[in-house]
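Note that these values count all heavy atoms, side chains included, but never hydrogens, waters or copies made by symmetry. One is the number of the first residue; the rest follow in order along the sequence. When a ligand or atom number is given, it counts from 1 through the structure's own listing order.
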Amino acid sequence: MLSVKTPEEVCEIIKTQFAPVSDRAETISYTEAAGRVLAEDICASEYVPAFDRSTVDGFAVHAKDTFGCSDSIPAILQNTQEILMGQAAGFTLEEGYCAPIPTGGELPRGADAVQMVEYTEDYKDGTTGILKPAAPGHNVILKGDDVYPGKPVLSAGRKLTPQDIGALAAMGIVKVNVVRRLRAAILSTGDELVSPEKSPGPGQIRDVNSSLLAALMTRLGATPVLYGIIPDQEALLNRRVKEAAGECDLVLLSGGSSVGVKDAACRVIEAQGEILFHGIAMKPGKPTIFGKIGSCPVIGLPGHPVAAFFITHIFVRRLLAQLGGYPLREIPVMAHLSESVEANHGRAQYNGVFLEEKDGRMTAHPIRGKSGLITTLAGSDGYFCIPRDCEGLPAGAKVPVTLYSMDG
Ligand code: AMP
Ligand code: MG
């Protein structure tokens, strides 16, 4: 019998039944770290900037020397030595003086503001006219304004962006602890399956799930390990699943997850480990199995590629976060349905959509077509869920769309 769980119960089971893998962090170079998940909090250990800097090309001044000046009554200051890029200023600016300074140049001691060159006039007699007052701190970034020793900058669990890599570079943090890539075993079962390179014979179809799941694992930051197509032979499947569970952090077993005679996934998991549940009250994806062999999660996915995809995106993504010990980040896009969508089967219904933005309004076009068609998935941007107790949504209803490109 199927012990069917709701999607919410499945999320809870993932949290309570699976622990983060013990050796989950590795140290890598910051240049390799974009897209990886931080396994540590990053705090600055230096001041950035390390010295007071100008943010414009202009003249370093004592702010009070410029108070009250204007186009008609410039503040006339004595020129002093020029500040050079990449070098210490190395002098003290006395009151009544100004020093030419480039963007990023170090402010001399004593100076507390910079006036832009556009608001100055060179009198060619060793003096400069300042035509606009500069308040203290004007056009200046002070030492430590960006970060200072001990300042928390990035938190564990963050998927590092190119901007983050830039921040690491600025702080001189060239090694980071990240969550290691989890190894996801992928097995496709079914007598009817042939490799996509081959021409299917009568009654045969190409194996979609191996490559679909592998690409999805890669996108989610895991390393796919392909165990190939396995015919519906229980003994063979048993052997391969055992190998996979021994070699990988999780096993995705596609096909044979229903209750037919040939559907061996349940028996195979049970023979070597335990079944946590069989069946999720959702559409697509009902015949899904969660089990474990030792501490290795084994997920029996429906062979139907659309269902396998949804289950993996919704639940295996969570499982990866749990095993990796990082939080899942989901930022849905709110969109209005372009047409009504019916749902009355007492199961949570996940609907693919493609999004269109027009005149500042985001519209979600529900994907129509028979659910068995892989092309209903290709070309869509994400999905929304109609809860099981809801009979459908009218055109114009606002729904949160989870994007497939959300790879957290
Ligand atoms: P099953 O879950 O094994 O009962 O399969 C359900 C449906 O999905 C059947 O129509 C299978 O032919 C199809 N199917 C199973 N595995 C795959 C696969 N790897 N690629 C494409 N279709 C599959
Ligand atoms: Mg099958």
Side-chain angles (χ1 to χ4, degrees), residues 1-5 10 184-219 222 224-241 244 248 250-271 275-291 297-316 345 347 350 352 367 369-380 404:
M1 263 313 285
L2 296 186
S3 59
V4 176
K5 301 291 179 195
V10 174
I186 297 171
L187 297 80
S188 273
T189 70
D191 287 337
E192 74 281 25
L193 303 177
V194 298
S195 164
E197 292 79 26
K198 296 194 179 142
S199 289
Q204 296 184 322
I205 59 164
R206 292 194 171 95
D207 170 20
V208 170
N209 289 344
S210 289
S211 46
L212 171 69
L213 295 172
L216 188 48
M217 285 301 107
T218 302
R219 164 165 254 178
V225 184
L226 292 164
Y227 286 78
I229 297 169
I230 300 159
D232 289 312
Q233 292 168 21
E234 207 162 318
L236 184 58
L237 191 57
N238 247 317
R239 270 211 307 283
R240 298 294 278 159
V241 167
C248 295
L250 70 160
V251 177
L252 304 180
L253 177 58
S254 131
S257 65
S258 300
V259 286
V261 187
K262 286 221 151 193
D263 295 325
C266 224
R267 292 191 296 273
V268 165
I269 301 170
E270 215 157 24
I275 304 279
L276 299 172
F277 63 84
H278 188 184
I280 307 179
M282 64 182 278
K283 185 187 169 192
K286 185 167 187 241
T288 294
I289 307 161
F290 265 63
V298 183
I299 318 304
L301 297 166
H304 187 322
V306 175
F309 176 82
F310 271 99
I311 294 295
T312 307
H313 201 273
I314 297 164
F315 302 110
V316 178
H345 41 64
R347 290 192 262 160
Y350 291 80
I367 306 288
K370 292 183 184 147
S371 62
L373 306 177
I374 183 72
T375 48
T376 59
L377 203 55
S380 62
Y404 298 139

Compare all side-chain heavy atoms of [X] with those of [Y] and state whether any distance is below 4.5 angstrom.
| X | Y | result |
| --- | --- | --- |
| H278 | V259 | yes |
| I374 | F309 | no |
| Y350 | H313 | no |

Item checked: Among N209, L212, L213, the one residue meeting side chain to side chain contact (heavy atoms under 4.5 Å, CB included) with I186 ->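 Going through N209, L212, L213 one by one, the side chain to side chain contact (heavy atoms under 4.5 Å, CB included) with I186 is satisfied by L213 alone.
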
What atoms in ligand 1 come closer than 4.0 Å to a heavy atom of [X]?
| X | answer |
| --- | --- |
| H304 | 6 (C), 7 (C), 8 (O) |
| R206 | 20 (N), 21 (C) |
| G256 | 1 (P), 2 (O), 3 (O) |
| D207 | 18 (C), 19 (N), 20 (N) |

Notebook entry, point to check: What protein heavy atom sits nearest atom 4 (O) of ligand 1, and how far off is it?
Noted result: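 Among all protein heavy atoms, the one nearest atom 4 (O) of ligand 1 is D263 OD1, 4.1 Å.
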
Quick one: does any side-chain atom of [X] pair with a main-chain N or O of [Y] as donor and acceptor, under 3.5 Å?
| X | Y | answer |
| --- | --- | --- |
| S257 | P287 | yes |
| S210 | L187 | no |
| R240 | Y227 | yes |

[X], portion touching ligand 1 at heavy-atom distance under 4.0 Å:
| X | answer |
| --- | --- |
| I229 | neither |
| E192 | side chain |
| P305 | side chain |

Check: Can you say whether the rings of F277 and F290 are parallel (under 30°), tilted (30 to 60°) or perpendicular (over 60°)?
Finding: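 F277 and F290: parallel rings.
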
Next item on the list: Indicate yes or no: does an N/O atom of G303 lie under 3.5 Å from an N/O atom of ligand 1?
Entry: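 Yes - when backbone and side-chain N and O of G303 are compared with those of ligand 1, one distance drops under 3.5 Å.
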
Next item on the list: Using distance alone, decide if ligand 1 has a nitrogen or oxygen within less than 3.5 Å of any nitrogen or oxygen in S258.
Entry: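 There is no such contact.
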
Next item on the list: Considering only protein heavy atoms, determine whether one is less than 4.0 Å from atom 16 (N) of ligand 1.
Entry: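 Given the 4.0 Å cut-off, atom 16 (N) of ligand 1 counts as touching protein heavy atoms.
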
Checklist line | Option whose closest heavy atom lies nearest to atom 22 (N) of ligand 1, chosen from V208, I205, D191 | finding: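 Looking at heavy atoms only, I205 sits closest to atom 22 (N) of ligand 1.
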
